[in-house]
Amino acid sequence: MTPTHRITRAAQLESLDDFRRFLKEHCAPHAGITAEILYDLQLAVDEACTNIITHGYAGMDPGSIILDLEIDASKIGISITDFGHAFEPKSAPTPDVDASIEEREFGGFGLFFIQQTMDEMNYRTTEDGNTMLLTKHIIIPTGD
Amino acid sequence: MKTEIKHADKCTTIFVSGSVDALTAAELGKNVAAQIARDHVNLIMDLSGLEFMSSAGLRTLLGAVKETRSHGGDLRIVSTNPGIDKVLKMSGFHNIAKVFTSQAEAAASFE
């Protein structure tokens with residue numbers, strides 16, 4: 001079994017920094033996780049958690065966000081669980097990145113960035129909460 | 001997030017360090033608004049000391065470009081962090097605003 005690292009924080013914007021630090025701390029010992037891969041992970045998690053904080057718990061008492069991280073030889077798995085309103089990834093608009101500044105919508109980049117930086121994204125809602133599963137493939141040098 | 005402002009003859013630079021996320025982006029927006037209110041509409045946002053920026057920061061930059069242009073100025077970016085460059089590129093930001101790799105080039109563009 002690959003060990004799972006976990007952090008649980010209140011669903012508030014002040015927690016975003018804690019999630020980024022958590023990822024940095026646990027990815028640092030792995031030579032195959034480059035600065036670029038770490039940035040991708042931090043960005044995807046930041047966007048997912050921001051959506052949960054601003055939309056998922058809208059109109060509810062703020063709950064928690066549980067972030068689980070698993071790193072093995074070929075991939076990084078992240079699961080983000082919350083207990084707020086379910087999110088419909090398919091209903092989210094795709095931003096037009098070729099639009100001129102006059103036509104630009106200022107929102108909609110969060111999910112788009114998750115899709116652009118992660119290799120897989122799955123979302124499920126059960127009685128036990130909502131979970132977004134993210135996978136990023138990596139090649140970790142085995143050494144001599 | 002921390003900001004530092006430097007005024008020159010032709011432009012004003014906002015140096016941004018730390019992280020711009022959904023918590024701190026509004027503060028950056030206020031920094032821009034404060035400069036525009038003082039008629040400093042030719043702005044450089046120097047992100048070379050920035051560690052992290054999410055879509056919330058990007059929204060602030062887009063808003064700042066629109067605001068400066070509506071006042072007859074412009075907002076130009078200095079970016080050297082590959083992660084932040086990627087955020088700018090994924091969003092097509094390079095198509096709507098000028099992005100430089102050094103403060104000197106950005107300042108020269110206002111000469």
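These numbers were taken from a predicted model, which means no experiment stands behind them. These values consider heavy atoms only, across backbone and side chains, with no hydrogens, waters or symmetry-generated copies.
- Taking 4.5 Å as the heavy-atom cut-off, none of the residues of residues 104-111 of chain B approach chain A.
- Heavy atoms from other residues, nucleotides or ligands lying under 6.0 Å from NZ of A:Lys75 number 12 at most.
- Follow the hydrophobic side-chain contacts under 4.5 Å out from B:Ile44 and you never reach B:Ile77; the two are in separate clusters.
- Considering only residues two or more places apart in sequence or on other chains, B:His40 meets the ring pair (Phe, Tyr, Trp, His ring centres under 6.0 Å) condition with B:His7.
- Checked against ring pair (Phe, Tyr, Trp, His ring centres under 6.0 Å), B:Phe100 has no partners two or more places apart in sequence or in another chain.
- In this structure, chain A has heavy atoms under 4.5 Å from both the backbone and the side chain of B:Ile84.
- Neither A:Ile80 nor A:Leu133 shares a network with the other; the hydrophobic side chains, linked directly or stepwise wherever heavy atoms of I, L, V, M, F, W or Y lie under 4.5 Å apart, form separate groups for each.
- Proximity to chain B involves both the backbone and the side chain of A:Glu14, based on heavy atoms less than 4.5 angstrom apart.
- Around the NZ atom of A:Lys24, the shell of radius 6.0 Å holds no more than 12 heavy atoms that belong to other residues, nucleotides or ligands.
- To the nearest 0.5 Å, the span separating CZ on B:Phe52 from CG on A:Leu43 amounts to 5.0 Å.
- Interface with chain A: from residues 19-33 of chain B, residues B:Ser19, B:Asp21, B:Ala22, B:Leu23 qualify, criterion being any non-hydrogen pair under 4.5 Å.
- Linking ILVMFWY residues whenever their side-chain heavy atoms come closer than 4.5 Å, directly or via other members, places A:Leu69 and A:Met132 in the same cluster.
- Across A:Phe112 and B:Met90, no two heavy atoms sit closer than the pair CE2-O, 3.4 Å.
- Between the OG atom in B:Ser54 and the CZ atom in A:Phe113 there is a gap of 8.5 Å [rounded to 0.5 Å].
- A:Glu47 places a side-chain N or O within donor-acceptor distance of the main-chain N or O of B:Ser55, the cut-off being under 3.5 Å.
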request  = Assess whether side-chain contact (heavy atoms from CB on, under 4.5 Å) is satisfied between A:Tyr39 and B:Val87, documenting all intermediate values.
outcome  = CA-CA 10 Å; A:Tyr39 197 101; B:Val87 168; 3.8 Å; yes
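- Under the 4.5 Å side-chain heavy-atom criterion for grouping Ile, Leu, Val, Met, Phe, Trp and Tyr, B:Leu50 is connected to B:Leu75 within one hydrophobic cluster.
- A:Ile66 and A:Ile78 fall within the same hydrophobic cluster, defined by Ile, Leu, Val, Met, Phe, Trp and Tyr side-chain heavy atoms under 4.5 Å apart, directly or through other members.
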